[in-house]
**Q** 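Please see the structure below; I have some questions.
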Amino acid sequence: MKDVPAAGPAAADAILAAVRAIPRGQVAGYGEVARRAGLPGRARLAARVLSGNTDASLPWHRVLRSDGRIAFPEGSRGFREQARRLRAEGVAVANGRVRMARVVPDLDAEVWGMP
DNA sequence: GGATTGACAGGGA
DNA sequence: GTCCCTGCCAATC
């Protein structure tokens with residue numbers, strides 16, 4: 001019952017699972033995902049995992065920066081792809097940023113299975 | 001072995 | 001509200 005896995009394939013899997021746990025129309029930050037994956041403070045690791053992912057069914061576009069900003073440089077390919085997908089899901093993307101879900105208390109709790 | 005980089009986060013100006 | 005710098009961790013050169 002150790003605690004956090006020491007950054008291995010299991011960690012990557014956990015991160016992927018956390019990303020897949022994000023419901024459609026909702027978004028989360030890298031640090032948030034990492035935390036839910038059992039890797040507090042490993043936001044960068046989450047980013048790295050997503051950069052190496054190739055799963056098209058993985059909602060990576062729902063993962064944003066802590067500020068709600070898209071991690072890619074504006075005008076970049078990934079930027080456009082992500083913004084496009086988010087809009088397709090009903091997420092308001094404006095000027096390279098996304099309106100972070102301010103209040104989704106019950107929903108959020110349900111999603112992460114924790115109040 | 002060390003040094004550099006990176007889809008980050010947080011605090012300060 | 002935006003822009004800049006520092007810190008943390010892991011992988012890569």
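Computation of the quantities below employed the complete heavy-atom set of this structure, encompassing side-chain atoms and omitting hydrogens, waters and symmetry-equivalent molecules. In this text, all values refer to a predicted model and were calculated from it rather than measured experimentally.
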**Q** With respect to the side chain of A/R42, which nucleotide from B/dA7, C/dA10, C/dA11 is positioned closest?
**A**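 The answer is C/dA10.
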**Q** Check the distance between B/dA7's C1' and A/L58's CG and give it to me in whole angstrom.
**A**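 Whole-Å distance recorded here is 12 Å.
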**Q** For A/G31, answer base if it contacts any base atom (sugar-phosphate contacts may also be present), sugar-phosphate if it contacts only those atoms, and nothing otherwise; contact means non-hydrogen atoms under 4.0 Å.
**A**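 Sugar-phosphate, backbone atoms only, no base.
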**Q** Looking at side-chain heavy atoms only, is the closest gap between A/I22 and A/V33 below 4.5 Å?
**A**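 A/I22 vs A/V33: side chains touch.
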**Q** Quick one: do A/E81 and A/R85 make a salt bridge, cutoff under 4.0 Å?
**A**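 The answer is yes: the pair qualifies as a salt bridge.
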**Q** Return the value, rounded to whole Å, for the distance between atom CG of A/L45 and atom C1' of B/dA9.
**A**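 Nearest whole value for this atom pair: 15 Å.
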**Q** Quick check: do A/L50 and A/L58 have side-chain heavy atoms less than 4.5 Å from each other?
**A**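 Side-chain contact under 4.5 Å: yes.
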**Q** Using the salt bridge (Lys or Arg N to Asp or Glu O under 4.0 Å) criterion, which residues pair with A/R20? Sequence neighbours excluded.
**A**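 Only A/D55 meet the salt bridge (Lys or Arg N to Asp or Glu O under 4.0 Å) criterion with A/R20.
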**Q** Taking the basic N atoms (NZ, or NE/NH1/NH2) and the acidic carboxylate oxygens, is any pair closer than 4.0 Å for A/D67 and A/R65?
**A**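 The answer is no: the pair does not qualify as a salt bridge.
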**Q** Contact between A/R42 and A/R35 at the side-chain level, heavy atoms closer than 4.5 Å - yes or no?
**A**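 No - every pair of side-chain heavy atoms lies 4.5 Å or more apart.
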**Q** Enumerate the protein-to-nucleotides 6-8 of chain C contacts in which both atoms are nitrogen or oxygen and the separation is below 3.5 Å.
**A**
{"unit_1": "C/dC8", "atom_1": "N3", "unit_2": "A/R44", "atom_2": "NH1", "d": "2.8"}

**Q** Nearest nucleotide by nearest heavy atom, which residue falls closer to the 5' end of DNA chain C, A/R48 or A/N95?
**A**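 Final value for this comparison: A/N95.
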**Q** Measure the distance from CZ on A/R69 to C1' on C/dC4 and round it to the nearest whole Å.
**A**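 That distance rounds to 12 Å.
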**Q** Quick one: pull up NE2 in A/H61 and CZ in A/F72 and give me the separation to the nearest 0.5 Å.
**A**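 Answer rounded to 0.5 Å: 12.0 Å.
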**Q** Rounded to the Å, how far apart are A/F72 CZ and B/dG6 C1'?
**A**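 About 12 Å, once rounded to whole Å.
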**Q** Write down the protein N/O and nucleotide N/O pairs, taken from nucleotides 10-13 of chain B, whose separation is under 3.5 Å; answer none if there are no such pairs.
**A**
none

**Q** Tell me which nucleotide among B/dA9, C/dA10, B/dA7 gets nearest to the side chain of A/A43.
**A**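 Looking only at side-chain atoms, A/A43 lies closest to B/dA9.
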**Q** In whole angstrom, give the distance that lies between atom CD1 of A/I15 and atom P of B/dC8.
**A**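 Computing the A/I15:CD1 to B/dC8:P distance gives 13 Å.
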**Q** Answer yes or no: is there a side-chain heavy-atom contact under 4.5 Å between A/V27 and A/V63?
**A**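 A/V27 vs A/V63: side chains apart.
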**Q** What's the closest nucleotide to the A/R97 side chain, out of C/dG1, C/dA11, C/dA10?
**A**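 Out of C/dG1, C/dA11, C/dA10, the nucleotide with an atom closest to A/R97's side chain is C/dG1.
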**Q** Can you tell if the side chain of A/Q26 reaches within under 4.5 Å of the side chain of A/E89, non-hydrogen atoms only?
**A**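 SC-SC contact between A/Q26 and A/E89 ruled out.
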**Q** Measure the distance from CD on A/E74 to C1' on B/dA7 and round it to the nearest whole Å.
**A**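 Interatomic distance, CD of A/E74 to C1' of B/dA7: 15 Å.
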**Q** Expressed in angstrom and rounded to an integer, what is the separation of A/L39 atom CG from C/dA10 atom P?
**A**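 Rounded to whole Å, this separation is 9 Å.
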